[in-house]
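In what follows, every heavy atom counts, from backbone to side chain, and hydrogens, waters and symmetry copies are set aside. Keep in mind the model is a prediction, meaning the values are calculated, not measured.
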Number of protein chains: 2
Amino acid sequence: MPEKKKHDHSALVDMLHRELPDEEHLCDLADLFKIFGDTTRMRILYSLFESELCVCAISELLGMTQSAISHQLRVLKDNHLVANRREGKTIYYFLADDHVRKIIEQGYEHLTEEE
Amino acid sequence: MPEKKKHDHSALVDMLHRELPDEEHLCDLADLFKIFGDTTRMRILYSLFESELCVCAISELLGMTQSAISHQLRVLKDNHLVANRREGKTIYYFLADDHVRKIIEQGYEHLTEEE
DNA sequence: CGTTCATATGTTTATGTATTCATATGATAG
DNA sequence: CTATCATATGAATACATAAACATATGAACG
């Protein structure tokens with residue numbers, strides 16, 4: 001039997017290992033928060049709190065190029081945080097889900113209660 | 001007076017500009033979510049859901065070097081998501097705030113309701 | 001159909017950052 | 001005060017990614 005040296009946690013570690021959710025779920029969760037973790041995307045999402053907006057309205061509002069906004073809208077759409085509808089040439093984006101609001105509001109609470 | 005060309009949103013943009021919270025707040029919010037947006041940090045936080053743990057227990061549990069864990073614990077601590085206490089040579093880390101649980105749970109809900 | 005407007009996408013570049021490796025701190029025991 | 005254990009930190013490297021730029025798609029209109 002192996003000598004027990006130093007700080008030994010094997011029992012605790014074994015137990016917790018059984019309790020932790022799959023790595024995959026935790027990874028998905030991190031990936032979700034990563035989407036919120038960018039100022040441009042956060043500003044876009046916040047813009048859409050009020051109402052749906054077309055791409056060029058968002059560009060003007062945030063003072064950024066249409067390309068930059070389009071790229072980020074794609075990320076948001078791929079992750080089901082926004083959706084869009086077409087009206088002629090114009091495409092309107094809107095929040096896909098009420099969870100988006102809740103997640104952001106929860107984060108906001110953390111910040112404000114901290115100061 | 002300037003000719004009105006193309007798609008014009010100036011009125012809408014002006015209005016929304018007044019409604020958007022400061023850039024600073026939105027940036028802070030993105031920075032907060034950025035912390036959750038890393039698999040290692042997410043795994044650490046999840047480990048601490050059960051109970052406080054010392055650094056080397058976390059390292060063993062996640063199968064990562066002590067250094068990597070220490071670096072990430074520093075990020076988490078600087079952002080007030082975890083706190084620690086000393087007991088001799090050992091330092092125990094724990095969740096700093098119940099918001100941490102809530103934010104993660106909210107994200108988890110979004111993921112599960114989606115599939 | 002060819003032009004124009006709204007949006008999307010591919011590529012490049014610059015910046016941020018997670019991990020590793022080496023080393024430092026700091027507490028305890030002897 | 002020296003050795004050892006737990007943890008922290010500094011520097012280097014490797015990888016991810018946001019924005020810019022150029023170009024492509026795709027709808028409407030004459």
Side-chain angles (χ1 to χ4, degrees), chain A residues 3-9 12-13 23 26-27 30-45 48 52-79 82-94, chain B residues 3-9 12-13 23 26-27 30-45 48 52-79 82-94:
Chain A
E3 286 242 44
K4 192 156 105 175
K5 286 205 287 185
K6 302 188 182 181
H7 213 157
D8 180 40
H9 307 288
L12 179 61
V13 167
E23 295 305 305
L26 288 178
C27 193
D31 284 344
L32 174 66
F33 286 116
K34 202 172 293 178
I35 310 299
F36 291 92
D38 173 82
T39 307
T40 299
R41 286 191 293 265
M42 183 58 69
R43 292 170 79 211
I44 292 175
L45 291 173
L48 300 177
E52 65 173 15
L53 291 173
C54 65
V55 179
C56 65
I58 302 176
S59 310
E60 290 178 36
L61 184 61
L62 305 193
M64 296 181 62
T65 65
Q66 174 266 321
S67 176
I69 300 299
S70 259
H71 276 290
Q72 294 308 329
L73 282 171
R74 180 161 164 69
V75 174
L76 292 170
K77 192 187 170 197
D78 285 350
N79 287 274
V82 304
N84 61 18
R85 70 182 179 86
R86 164 159 248 143
E87 203 176 294
K89 282 176 289 188
T90 308
I91 298 185
Y92 291 93
Y93 280 84
F94 49 91
Chain B
E3 286 244 44
K4 193 155 103 174
K5 286 205 287 183
K6 302 188 182 180
H7 214 158
D8 179 41
H9 307 287
L12 180 60
V13 166
E23 294 307 302
L26 287 179
C27 192
D31 285 343
L32 174 67
F33 286 117
K34 202 172 292 177
I35 310 298
F36 290 93
D38 173 82
T39 307
T40 299
R41 286 191 292 265
M42 183 59 69
R43 292 170 78 213
I44 293 175
L45 291 174
L48 300 177
E52 64 174 15
L53 291 173
C54 66
V55 178
C56 64
I58 301 176
S59 311
E60 289 178 38
L61 184 61
L62 305 193
M64 297 181 62
T65 64
Q66 173 266 320
S67 176
I69 300 299
S70 259
H71 277 292
Q72 295 307 331
L73 281 172
R74 180 161 165 67
V75 174
L76 292 170
K77 192 187 170 199
D78 286 351
N79 287 274
V82 304
N84 61 18
R85 69 182 179 87
R86 166 158 246 146
E87 202 176 296
K89 281 177 290 189
T90 308
I91 297 185
Y92 291 94
Y93 281 83
F94 49 92

Peer 1: In whole angstrom, what separates B:Tyr93's OH from D:dT7's P?
Peer 2: 9 Å
Peer 1: Grab the two heavy atoms, one from B:Gly37 and one from A:Lys34, that are nearest each other, plus how far apart they are.
Peer 2: O-CE, 2.8 Å
Peer 1: State whether the aromatic ring of B:His71 stacks on the base of D:dT9, taking stacking to mean ring centres under 5.5 Å apart and ring planes under 30° to each other.
Peer 2: yes
Peer 1: 5'-most contact on DNA chain C: A:Arg86 or B:Thr65, nearest heavy atom basis?
Peer 2: A:Arg86
Peer 1: Give the minimum heavy-atom separation between B:Arg41 and B:Leu76, together with the two atoms involved.
Peer 2: CD-CD2, 3.9 Å
Peer 1: Among the candidates C:dA27, D:dA20, C:dT20, find the nucleotide nearest to the side-chain atoms of B:Lys89.
Peer 2: C:dA27
Peer 1: What do the steps show when you test B:Arg43 against B:Met64 for side chain to side chain contact (heavy atoms under 4.5 Å, CB included), and what is the final call?
Peer 2: CA-CA 11 Å; B:Arg43 292 170 78 213; B:Met64 297 181 62; 4.0 Å; yes
Peer 1: Where the side chain of A:Ser70 is defined as all heavy atoms beyond and including C-beta, which of D:dA19, C:dT7, D:dT7 is the nearest nucleotide?
Peer 2: C:dT7
Peer 1: Looking only at the side chain of A:Ser67 (C-beta and beyond, no hydrogens), which of the listed nucleotides D:dA27, C:dG10, C:dT19 gets closest?
Peer 2: C:dG10
Peer 1: List in numerical order all residues of residues 31-40 of chain B for which some heavy atom is under 4.0 Å away from an atom belonging to DNA chain C.
Peer 2: B:Lys34, B:Asp38, B:Thr40
Peer 1: Just the rounded figure in Å: distance from P of C:dT7 to CG of A:Leu53.
Peer 2: 11 Å
Peer 1: From CZ of B:Arg43 over to C1' of C:dT19, roughly how many Å is that when rounded to an integer?
Peer 2: 14 Å
Peer 1: Specify the residue among B:Tyr92 and A:Val75 whose closest nucleotide of DNA chain D lies further upstream toward the 5′ end.
Peer 2: B:Tyr92
Peer 1: Should the ring pair B:Phe36 and A:Phe33 be called parallel, tilted or perpendicular, given that the plane angle runs from 0 to 90° and is split at 30 and 60?
Peer 2: tilted
Peer 1: If the test is side chain to side chain contact (heavy atoms under 4.5 Å, CB included), which one of B:Leu61, B:Val55, B:Leu62 qualifies with B:Ile58?
Peer 2: B:Leu62
Peer 1: Are B:Phe94 and B:Leu48 close enough that some pair of their side-chain heavy atoms sits under 4.5 Å apart?
Peer 2: no
Peer 1: For a quick check, tell me whether the side chain of B:Gln66 and the base of D:dA8 share a donor-acceptor pair closer than 3.5 Å.
Peer 2: yes
Peer 1: Taking it one step at a time, do A:Asn79 and A:Val75 satisfy side chain to side chain contact (heavy atoms under 4.5 Å, CB included)?
Peer 2: CA-CA 6 Å; A:Asn79 287 274; A:Val75 174; 4.0 Å; yes
Peer 1: What is the distance, to the nearest angstrom, from the CD1 atom on A:Ile44 to the P atom on C:dT7?
Peer 2: 13 Å
Peer 1: Rounded to whole angstrom units, what separation is found between the CD atom of B:Glu60 and the C1' atom of D:dT7?
Peer 2: 14 Å
Peer 1: When the distance from CZ of B:Arg74 to C1' of D:dA11 is rounded to whole Å, what number comes out?
Peer 2: 15 Å
Peer 1: Under the salt bridge (Lys or Arg N to Asp or Glu O under 4.0 Å) test, which residues partner B:Arg85, sequence neighbours left out?
Peer 2: B:Glu52, B:Glu87
Peer 1: If you assign B:Leu73 and A:Arg41 each to the DNA chain D nucleotide with the nearest heavy atom, which residue ends up on the more 5' nucleotide?
Peer 2: B:Leu73
Peer 1: Kindly say if B:Gln72 contacts the phosphate of C:dT19, meaning a side-chain N or O under 4.0 Å from OP1 or OP2.
Peer 2: yes
Peer 1: Compare the minimum distances between each of D:dA8, C:dA8, D:dA19 and the side chain of B:Val55, then state the nucleotide with the smallest one.
Peer 2: D:dA8
Peer 1: Whole Å only: how far is the CE atom of B:Met42 from the C1' atom of C:dA18?
Peer 2: 16 Å
Peer 1: Rounding to a whole Å, what distance do you find between B:Arg85:CZ and D:dT7:P?
Peer 2: 12 Å
